[in-house]
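Owing to the predicted nature of the structure, the values given are computational and were not obtained by experimental measurement.
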Amino acid sequence: MILKEYRVCMPLSVDEYHRGQIYVIGRHSEEQTAAGDGVETVINETCRDPVHGCGRKTVKKIHINNKLPRWAKGICPSIYIEETAYNYYPYTTTAYSCPWLTGLTILIETRYEDNDGNDGCEFSTSKIIENYPVEYASREVVHLDLATDKVADKHYKIEEDCTLFESKKTGRGKLKPNWKKTSNPLMCSYKLVLVQFNFWGLQSKVEHFVHGFVRETLLLCHRQAVAWLDYWFDMSLEEVREYEESIQKRTNTKVRAGKLAHDPAAANAPQTMKSQGTSAT
């Protein structure tokens, strides 16, 4: 089992990113689906927690066949990951499971705070810390910097380079190596990521592969949140929810049409997702 804490800062406020998060997840999902893998939304509905209040629950099937390394395809040539997320912004929890790999557990807890990522984050209600206190105490803390850390060449787009991009609406961007010292606003995404794979002979390889994938995805999506700032900055929460719903309908159509999905049950799945409410996150 490997537990790491990732910290990623952005030149945004936590309040602003409430809208940006929804936009980025939706647009990123559609781009991934168009690239040959698919995100199928099964449930998107409001929920309530006694501690965190009103939020949103989503269940998605993430088809990742084209992202598998050759050795993984030898074990399971066709695969999807099921994501169950509870978004009580600015606190979220996400769990991933795979029907073909019952020994795989991926848990992510996220908190968003208005600081530079060096103050530490109080995960006061963390189930990960409660269940793995020793591992949490010795966890590796990974700081990802949008100016100095680079995505893989296959993911690089000049228009998403935060050292080159400058927002026309806010003037933010063109991040320098010390940008966090002068940025206002400034926020940090704190993410506890637990990866466990109980399979003799492959445990270490799979756990390190997943963490590598998580690191790349976090860096890519946070770069996009900044580079796409002018697309979502003026949108209201209701407008980004409407955008999210339209994206989910399009990606579901692609997956369920059989263009991307490798799940035999997809052909018989209903053509509309379960969705209730549009205001809470």
Side-chain angles (χ1 to χ4, degrees), residues 3-10 12-29 32 39 41-62 81-97 105-115 117 119-132 136 139 141-142 144 187-195 210-211 213-215 217-226 232 237 240-241 243-245 247-248 273-281:
L3 174 61
K4 295 185 181 183
E5 179 181 337
Y6 296 88
R7 301 180 183 180
V8 193
C9 288
M10 296 182 287
L12 307 169
S13 70
V14 171
D15 182 64
E16 290 170 344
Y17 189 54
H18 192 178
R19 293 171 286 116
Q21 178 204 44
I22 300 168
Y23 178 89
V24 170
I25 291 174
R27 181 169 168 180
H28 181 79
S29 296
Q32 292 301 303
V39 179
T41 302
V42 181
I43 295 175
N44 185 348
E45 63 184 12
T46 55
C47 60
R48 179 169 292 278
D49 180 84
V51 175
H52 303 290
C54 189
R56 183 171 291 272
K57 174 185 178 181
T58 58
V59 177
K60 300 177 181 179
K61 290 182 178 180
I62 305 171
I81 301 294
E82 185 165 281
E83 174 196 273
T84 302
Y86 293 88
N87 192 338
Y88 304 102
Y89 194 89
Y91 171 72
T92 69
T93 66
T94 310
Y96 296 90
S97 61
T105 300
I106 305 173
L107 302 175
I108 301 177
E109 294 186 18
T110 305
R111 286 194 182 277
Y112 303 104
E113 296 188 356
D114 288 310
N115 59 46
D119 296 340
C121 178
E122 182 62 36
F123 285 91
S124 57
T125 58
S126 171
K127 293 296 184 183
I128 292 179
I129 298 176
E130 179 181 334
N131 294 326
Y132 303 93
Y136 175 76
R139 76 197 182 284
V141 177
V142 181
L144 298 178
M187 65 164 286
C188 183
S189 300
Y190 294 84
K191 292 183 175 284
L192 283 180
V193 181
L194 180 149
V195 180
V210 173
H211 267 289
F213 179 78
V214 168
R215 181 192 183 280
T217 301
L218 291 178
L219 185 57
L220 177 62
C221 289
H222 284 80
R223 283 163 60 101
Q224 291 173 335
V226 176
W232 62 261
L237 188 59
V240 291
R241 283 296 183 202
Y243 173 80
E244 174 190 46
E245 185 174 357
I247 291 290
Q248 291 174 350
M273 65 184 173
K274 182 179 180 182
S275 178
Q276 299 175 357
T278 58
S279 60
T281 296

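Separation of atoms CD (Glu45) and CZ (Arg56) is listed at 9.0 Å; rounding is to 0.5 Å. Taking OG1 from Thr46 and CG from Asn87, the interatomic distance works out to 12.5 Å, rounded to the nearest 0.5 Å. Ile43 contributes atom CD1, which lies 5.0 Å from atom NZ of Lys57 (distance to the nearest 0.5 angstrom). A distance of 12.0 Å separates NZ of Lys61 from OG1 of Thr41, quoted to the nearest 0.5 Å. To the nearest 0.5 Å, atom CG of residue Leu219 and atom CD of residue Gln224 are 10.0 Å apart. Considering NZ of Lys60 and CD1 of Ile81, their distance stands at 14.5 Å, rounded to 0.5 Å.
Residues Arg139 and Leu192 come closest through the heavy atom pair CD-CD2, 4.1 Å. Closest of all the heavy-atom pairs between Tyr88 and Cys47 is OH-SG, 3.6 Å. Across every non-hydrogen atom of Val14 and Pro90, the tightest pair is CG1-CB, 3.9 Å. Closest heavy-atom contact between Ala95 and Leu107: CB-CD2, 3.7 Å. Smallest separation of non-hydrogen atoms from Ala225 and Val24: CA-CG2, 3.5 Å. Taking each heavy atom of Arg19 and Leu237 in turn, the nearest pair found is CD-N, 3.9 Å.
The shortest distance between side-chain heavy atoms of Gln21 and Thr92 falls below 4.5 Å. Within the 4.5 Å cutoff, no side-chain heavy atoms of Arg7 are placed close to those of Cys9. Side-chain contact between Glu16 and Met10 is absent, with no heavy-atom pair separated by less than 4.5 Å. At a threshold of 4.5 Å between non-hydrogen side-chain atoms, the residues Ile22 and Trp232 do not count as touching. Within the 4.5 Å cutoff, the side chain of Val210 has no heavy atoms near those of the Tyr96 side chain. Residues Glu109 and Tyr190 form no side-chain contact, since every pair of their non-hydrogen atoms from C-beta on lies 4.5 Å or further apart. A heavy-atom distance below 4.5 Å is not found between the side chains of Val240 and Glu244.
The aromatic rings of Tyr17 and Tyr112 sit perpendicular, their planes meeting at an angle over 60°, well past the 30° parallel limit.
More than 12 non-hydrogen atoms from other residues, nucleotides or ligands lie less than 6.0 angstrom from OH of Tyr243.
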* Stepwise side-chain contact (heavy atoms from CB on, under 4.5 Å) test for Leu194 and Tyr132 -> CA-CA 10 Å; Leu194 180 149; Tyr132 303 93; 3.4 Å; yes

* Step by step, would you call Asn44 with Gln248 a side-chain contact (heavy atoms from CB on, under 4.5 Å)? -> CA-CA 10 Å; Asn44 185 348; Gln248 291 174 350; 3.1 Å; yes

* **side-chain contact (heavy atoms from CB on, under 4.5 Å) assessment of His28 paired with Leu220** => CA-CA 9 Å; His28 181 79; Leu220 177 62; 3.6 Å; yes

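A donor-acceptor contact closer than 3.5 angstrom links the side chains of Arg27 and Tyr23. Counted by atom type alone, His211 and Tyr6 present one or more donor-acceptor pairs between their side chains at under 3.5 Å. A donor-acceptor contact under 3.5 angstrom links the side chains of Lys191 and Thr110, judged on distance only.
Using a 4.0 Å cut-off between charged side-chain N and carboxylate O, Arg111 and Glu113 make no salt bridge.
Just one residue in the list Ile108, Val193, Leu3 forms a side chain to side chain contact (heavy atoms under 4.5 Å, CB included) with Ile128, and that residue is Leu3.
A donor-acceptor pair is defined here as one N or O able to donate and one able to accept, closer than 3.5 Å; no such pair exists between the side chain of Tyr136 and the backbone of Ile129.
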